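Chain identifiers are assigned alphabetically (A, B, ...) following the order of the sequence lines, protein sequences preceding nucleic acid strands; residue numbering begins at 1 within each chain. The structure displayed is predicted, hence computed values, not measured ones.
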There are 2 protein chains.
Amino acid sequence: MAVRSKSGAVAADGAVAPRPKVRIEEVARAAGVSAATVSRVLNRTALVSDDLRDRVEAAAREMGYVAHGAARALASRRSRAMGAVVPTLTNTIFSDAIEAFQQRLDAEHHTMLLATYDYDEELEYRTVRTMIERGVDGLMLVGSMHPPHLLELLEASGVPFVQTWASPRRSEHPAIGYDNGALARIVVDHLVGLGHREIGMVAGLTRHNDRVQARIAGVRGAMRRHKLRLPPERIVYTRYRIEDARAALREMQQRGPMPTALLANNDVVAMGLVVEAAAQGLCVPGDLSIIGVGDLEMAAHMRPPLTTVRTPKRAIGAMAADYLLARSNGRDFDLPPELSMELVVRGTTAPPPMRHKDPDS
Amino acid sequence: MAVRSKSGAVAADGAVAPRPKVRIEEVARAAGVSAATVSRVLNRTALVSDDLRDRVEAAAREMGYVAHGAARALASRRSRAMGAVVPTLTNTIFSDAIEAFQQRLDAEHHTMLLATYDYDEELEYRTVRTMIERGVDGLMLVGSMHPPHLLELLEASGVPFVQTWASPRRSEHPAIGYDNGALARIVVDHLVGLGHREIGMVAGLTRHNDRVQARIAGVRGAMRRHKLRLPPERIVYTRYRIEDARAALREMQQRGPMPTALLANNDVVAMGLVVEAAAQGLCVPGDLSIIGVGDLEMAAHMRPPLTTVRTPKRAIGAMAADYLLARSNGRDFDLPPELSMELVVRGTTAPPPMRHKDPDS
DNA sequence: TTGTATGCGTTATCAT
DNA sequence: ATGATAACGCATACAA
């Protein structure tokens, strides 16, 4: 089935010629005013007498006038568009944040340009470059670890930008996020409080992911405060797929004595661990405690329900939008030093299983 | 913490003046050629001698030249941007499709403008209008049910558009999707084949959602072919949250004799049903068969694993991009009459429980 | 193959 | 409060 647009003429070369669009000049003529006045009315950029305003609005509506964005951007030197460059949309933490970001932009009559780079540094760089070329008024990035020259490019362009899921205290550039050190303390304190001393991590891939590294450092630090250690063999790295998380659990089991509690990089990984443990006949939390990060909707409904740390996904997106909006208007915007999290204790954490003392000792 | 861009001067009114950007004219001067030649080199739009090409490319690179998108769009009358207007990103079927859509666009050096409207018709209209104003070269919509005048606006604008998750055979406008009637047949045939005769639906909200209506009609038709009926009381409507799906199951139970099998509108709803059934001590699939749509990642890992229908999420997004790219270039593009689905039989469907014959009859 | 000149549709500056 | 006019930065038709 060959489909053709029903409107617009088709030229010899097959190109679709859009219907002649009505321009500001024609609206002006119809309303008996100058183009400048039409512009003023439509943008509410200066006072216009009620009479003229009404005539202009009526004419614009009748003629179905739609402003030409590129021309407007060229003349006003603002695109009213903000870019968002994220690793992926598959992870709902990003899609939630993005949705909040866009909604906030929309309220201020801005549009969102979105691109994903699938954790590929080179692609991230090209994408940002494209966004700058598109003339975005601001740019939202993820994390504080970027390919070489990316920040240089950004600063040279003069485009306001903000890093999300990055620690404001550790980055010299504008950042919004929570402190992974604080998150680690919350989790470790909870587990140690339950009696765990052997704690392991199922982390994300660290390659190009500073959040993972910060998390590991945080857990290590938090454990040290309890005189505990987090040796490398207690850290397994995984992608964020259930399948991979299950393999990660098996991998850790093969490495030697199992920890009594595992911190998963996020809820999806945690679910994978729970699923694999169940498949092996292990009891969660009886034999193994598991804790996630993110508090996805499903977390509360699993059996057992997942203990996790709730992070402010939508708040991050909304704040990023507010920040960029402010900056692109030349206003200052105070970014909080960090956002808060909340431990949600449910059914996958409990005291560790009893250990028989070694009779020989 | 007040953050300021480190580049760019700050004017008295607080507005950030971006660094003077290098324009094509200056690159031309540096390379000792005309602006036209620079344009030709950078856009590969015409043949340029090797010598000049090298000089231009070197100059552009050194000076960090980045083209001005708005000016380019104004002059070339193409924005190299495509719009995507979807109900929400929370539902992963859309975020998956969107990701594929954007990746395909990126390969053709196009950018994606994305906006969600949260199933709000009025907002959908305004959003599309904004997209047109932004000068998108094409627009991806969801479904075939739109607010009044939306299609008119679209046709008047001459912007190519395509409806996803819409039946190409039932819409007079370009559409990509699978046939909900076919989907219904697949599901009903499976359940009836197992011996079910009392089948219920936990559908989405029909308000502004033609997919749901088509699905219901499809199931009703498929059941009729087996001499079965789908009375209104066997249809419960729900939002796509686990919590709501659980309530939907209870609602159906209150309505009278329970069906022996339920078709959920999607996998998230199906998971909610499974969770609620388990919480009530019901055995799935022993007491109740449940089938979803979508085949989310989690579906295969639940216990019991979810029987579902796999739909071509990413293919829809990719094909939408290909279609719009072709149309905006004046090329034809054959849209297939429908995309195929696949029944994935797992552990939540089984023959219905034995029924004792009513001794009185 | 390369350069010149014009136009893209709007906003902003400057008069009035 | 309103109108005339000059940018805005690039692509492209035309000329050479």
Name all residues meeting the side-chain hydrogen bond (donor to acceptor under 3.5 Å, both in side chains) criterion together with B/Glu152; count only those two or more places apart in sequence or in a different chain, and write none if there are none. B/His149
One would report the end-axis bend of the helix from C/dT1-D/dA16 to C/dT16-D/dA1, five pairs per end and rounded to 10 degrees, as 30°
Check residues 129-148 of chain B and write down every donor-acceptor pair under 3.5 Å in which the side-chain atom is one partner and the other belongs to a residue at least two apart or another chain.
residue: B/Arg129; atom: NH2; partner: A/Tyr65; partner atom: O; Å: 3.3
residue: B/Thr130; atom: OG1; partner: B/Arg126; partner atom: O; Å: 2.9
residue: B/Glu133; atom: OE2; partner: A/Arg72; partner atom: NH1; Å: 2.8
residue: B/Arg134; atom: NE; partner: A/Thr111; partner atom: OG1; Å: 2.9
residue: B/Arg134; atom: NH2; partner: A/Arg80; partner atom: O; Å: 2.8
residue: B/Arg134; atom: NH2; partner: A/Thr111; partner atom: OG1; Å: 2.9
residue: B/Asp137; atom: OD1; partner: B/Ser79; partner atom: N; Å: 3.2
residue: B/Asp137; atom: OD1; partner: B/Ser79; partner atom: OG; Å: 3.3
residue: B/Asp137; atom: OD2; partner: B/Ser79; partner atom: N; Å: 3.3
residue: B/Asp137; atom: OD2; partner: B/Arg80; partner atom: N; Å: 2.8
residue: B/Ser144; atom: OG; partner: B/Asp210; partner atom: OD2; Å: 2.6
residue: B/His146; atom: ND1; partner: B/Glu124; partner atom: OE2; Å: 2.8
residue: B/His146; atom: NE2; partner: B/Gly143; partner atom: O; Å: 2.9
residue: B/His146; atom: NE2; partner: B/Gln163; partner atom: OE1; Å: 3.0

Apply salt bridge (Lys or Arg N to Asp or Glu O under 4.0 Å) to B/Glu26 and list each qualifying residue two or more places apart in sequence or on a separate chain. B/Arg23
With sequence neighbours excluded, what pairs up with B/Arg29 under the salt bridge (Lys or Arg N to Asp or Glu O under 4.0 Å) test? none
Check ring pair (Phe, Tyr, Trp, His ring centres under 6.0 Å) between A/Phe101 and all other residues, then give those that pass, not counting sequence neighbours. none
Contacts of type side-chain hydrogen bond (donor to acceptor under 3.5 Å, both in side chains), residue B/Thr116, not counting sequence neighbours: A/Gln102
Among all residues two or more places apart in sequence or in another chain, which pass the salt bridge (Lys or Arg N to Asp or Glu O under 4.0 Å) test with A/Arg53? A/Asp50
Residue list, salt bridge (Lys or Arg N to Asp or Glu O under 4.0 Å) with B/Arg104, at least two apart or on another chain: B/Asp322
Going 5' to 3' along nucleotides 9-16 of chain D, which nucleotides have protein heavy atoms under 4.0 Å from the base (write B), which only from the sugar-phosphate (write S), and which from neither (write -)? BBSBB---
Reading DNA chain C in the 5' to 3' direction, which nucleotide is the first one with an atom under 4.0 Å from a heavy atom of chain A, and which is the last? C/dG9 to C/dA12
Pairs meeting criterion salt bridge (charged side-chain N to carboxylate O under 4.0 Å, His left out) with involvement of residues 105-119 of chain B, two or more places apart: none
Run the numbers on B/Thr164 and B/Met319 for side-chain contact (heavy atoms from CB on, under 4.5 Å), then give the verdict. CA-CA 9 Å; B/Thr164 55; B/Met319 186 174 293; over 6 Å; no
